[in-house]
2 protein chains.
Amino acid sequence: MHAFDRSVRPLRQRPSFVLSQLGFHSDRTFDELLVPVGVTRRQFGMLRVLADADGRTQQELSSVLRVHRNVMVGLVDELETAGLVERRRNPADRRAHAVHLTDRGRALLPMGEAALDACDDRLLGALSAADRETLCGLLARVADEAHLLPSVHPGYEHAGDELAAEDAGGGGQLPR
Amino acid sequence: MHAFDRSVRPLRQRPSFVLSQLGFHSDRTFDELLVPVGVTRRQFGMLRVLADADGRTQQELSSVLRVHRNVMVGLVDELETAGLVERRRNPADRRAHAVHLTDRGRALLPMGEAALDACDDRLLGALSAADRETLCGLLARVADEAHLLPSVHPGYEHAGDELAAEDAGGGGQLPR
DNA sequence: TATTGTTATACTCTATAACTATA
DNA sequence: TATAGTTATAGAGTATAACAATA
């Protein structure tokens with residue numbers, strides 16, 4: 001175990017540090033790739049959830065994305081202003097707003113996925129297909145072990161208040 | 001290439017996303033482990049640089065850590081208040097402040113390194129030594145390819161102004 | 001005139017609480 | 001009384017510019 005001797009190891013050999021660097025770099029890269037799409041990372045994450053769960057209330061969306069309901073208000077505001085979602089009244093409970101994707105919002109989804117593809121390619125472009133798959137597998141194992149929800153970004157997560165622990169499976173959110 | 005088919009791949013299979021998740025998680029974990037040490041991540045990064053470069057001016061430290069000199073003022077203030085560094089006047093150039101580690105500051109370094117060890121262990125605890133080394137190698141390659149400086153965290157980096165591009169090698173900074 | 005360090009201002013994000021309208 | 005959504009306020013963090021002392 002000579003490569004892992006303790007104490008003064010340079011930071012490039014510290015997985016914690018490199019993960020932190022790469023996480024930040026990944027965010028920045030994806031931000032950049034998302035500019036031509038016209039939404040932010042956070043907004044895209046929200047649209048991605050709605051793709052699988054159209055018509056949920058803001059409260060339910062808060063729960064899935066693990067953000068505070070106060071923040072959800074602003075997020076829906078932004079997307080509604082951009083014409084990507086719309087709020088509809090629920091006749092059964094007129095307090096609740098059902099959030100629906102518009103056609104424009106739905107049309108935007110594949111563009112965002114393409115940006116994600118491009119982001120993965122840009123980050124892992126130097127790796128062979130085999131190395132890439134090895135890396136993905138190891139990252140997924142580490143994320144599992146850390147109990148990170150498969151599609152919720154911890155950067156948006158909100159500790160306090162009312163958040164029903166639940167995982168949306170394939171749908172998800174983007175990040176920070 | 002069946003595991004990598006495009007379009008609706010869940011986020012857990014998106015390396016960009018998982019890297020972002022894990023980067024955030026790593027930050028949070030290290031923050032936690034650093035609490036008993038009594039410094040923030042950023043402060044520890046600074047102390048780590050000083051370990052290799054005691055007595056540099058604030059301007060030089062700004063350059064190494066790639067933060068703005070205005071921010072460096074506050075960082076040195078914090079550390080000086082905590083008694084971990086001290087500013088000394090340079091007789092040759094009385095504008096410049098040489099920043100020196102105090103004994104207390106130096107004594108704190110191994111505690112921070114131990115926290116880093118613990119952070120790595122907590123994050124990668126589930127992996128075998130071999131898998132761990134494989135992951136570290138792949139992460140380092142990706143970081144190299146992204147032109148991330150081996151010991152500078154991009155979250156602190158400052159775009160504008162005067163920053164002499166330089167790498168401190170073993171010394172470094174922590175982050176965000 | 002340029003440079004080192006400092007301070008002040010503004011802007012973004014987020015956290016908390018308080019408010020309204022329904023139930 | 002509790003809940004869905006909204007609004008307002010305060011606090012961190014950061015970016016920009018302007019400033020005093022020295023070169």
Side-chain angles (χ1 to χ4, degrees), chain A residues 20 24 27-28 31 40-43 45-46 55-81 85-100 153-164 173-176, chain B residues 24 27-28 31 39-43 45-46 55-81 85-100 153-164 173-176:
Chain A
S20 179
F24 191 91
D27 286 349
R28 202 164 47 178
D31 283 342
T40 64
R41 209 147 17 100
R42 193 162 190 163
Q43 291 170 347
M46 171 84 161
R56 296 209 192 183
T57 67
Q58 296 185 191
Q59 199 93 222
E60 286 166 342
L61 290 168
S62 297
S63 174
V64 172
L65 290 172
R66 314 208 123 226
V67 302
H68 197 274
R69 64 201 164 94
N70 299 9
V71 176
M72 182 56 66
V73 174
L75 194 46
V76 175
D77 281 348
E78 292 167 11
L79 290 168
E80 193 165 42
T81 302
V85 307
E86 59 182 14
R87 281 185 244 240
R88 296 190 203 150
R89 281 284 168 194
N90 181 349
D93 184 345
R94 282 174 39 212
R95 289 174 305 181
H97 286 160
V99 181
H100 290 267
H153 195 285
Y156 286 161
E157 212 163 347
H158 184 268
D161 242 20
E162 66 292 309
L163 287 176
Q173 164 216 29
L174 264 260
R176 185 141 10 128
Chain B
F24 191 92
D27 287 348
R28 202 163 47 179
D31 284 342
V39 289
T40 64
R41 208 145 20 97
R42 194 163 189 162
Q43 290 169 347
M46 172 84 160
R56 294 209 194 185
T57 68
Q58 296 185 192
Q59 199 92 227
E60 286 166 342
L61 290 168
S62 297
S63 174
V64 172
L65 289 172
R66 312 207 124 230
V67 303
H68 196 274
R69 66 200 164 96
N70 298 9
V71 176
M72 182 56 66
V73 174
L75 195 46
V76 175
D77 281 349
E78 292 167 11
L79 290 168
E80 194 166 40
T81 301
V85 307
E86 60 181 13
R87 284 183 241 237
R88 296 190 202 150
R89 281 284 170 194
N90 180 350
D93 183 346
R94 284 174 38 212
R95 291 173 304 181
H97 286 161
V99 182
H100 289 267
H153 195 284
Y156 286 162
E157 211 163 349
H158 183 269
D161 242 20
E162 67 291 311
L163 289 175
Q173 164 215 33
L174 264 263
R176 185 152 6 129

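Throughout, a chain's letter reflects where its sequence line sits, starting with A, and its residues are numbered from 1.
Two end axes, each from the C1' atoms of five base pairs, can be drawn for the helix from C:dT1-D:dA23 to C:dA23-D:dT1; they diverge by 30°, to 10 degrees.
Within residues 72-80 of chain B, no residue approaches DNA chain D, by heavy-atom distance under 4.0 Å.
Computed from coordinates, the A:Leu61 CG to D:dT6 C1' distance equals 16 Å when rounded to whole Å. Per the geometry, CD belonging to A:Glu86 stands 16 Å off P belonging to D:dG5, to the nearest Å. Between the CD atom of A:Gln43 and the P atom of C:dC13 there is a distance of 11 Å, given to the nearest Å. Rounding to whole angstrom units, CG of residue A:Asp27 and P of C:dC13 are separated by 13 Å. For B:His97 and D:dA21, the NE2 to P distance is 13 Å, given to the nearest whole Å.
Proximity of B:Arg42 to the phosphate of D:dT14: a side-chain N or O atom is located under 4.0 Å from OP1 or OP2. Neither OP1 nor OP2 of C:dT3 sits under 4.0 Å from any side-chain N or O of B:Gln59.
Residues passing the side chain to side chain donor-acceptor pair (under 3.5 Å) test with B:Arg89, sequence neighbours excluded: B:His97. For A:Asp93, the side chain to side chain donor-acceptor pair (under 3.5 Å) partners two or more places apart in sequence, or in a different chain, are A:Arg95. By the side-chain contact (heavy atoms from CB on, under 4.5 Å) test, B:Val71 pairs with B:Arg42, B:His68, sequence neighbours left out. B:Arg94 pairs by the salt bridge (charged side-chain N to carboxylate O under 4.0 Å, His left out) definition with nothing, not counting sequence neighbours. Contacts of A:Arg87 classified as salt bridge (charged side-chain N to carboxylate O under 4.0 Å, His left out), with partners at least two apart in sequence or in another chain: A:Asp77, A:Glu80. Residues passing the salt bridge (charged side-chain N to carboxylate O under 4.0 Å, His left out) test with B:Glu78, sequence neighbours excluded: none.
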Pairs under 3.5 Å (N/O, protein and nucleotides 18-23 of chain C):
{"unit_1": "C:dA23", "atom_1": "OP1", "unit_2": "A:Arg94", "atom_2": "N", "d": "3.0"}

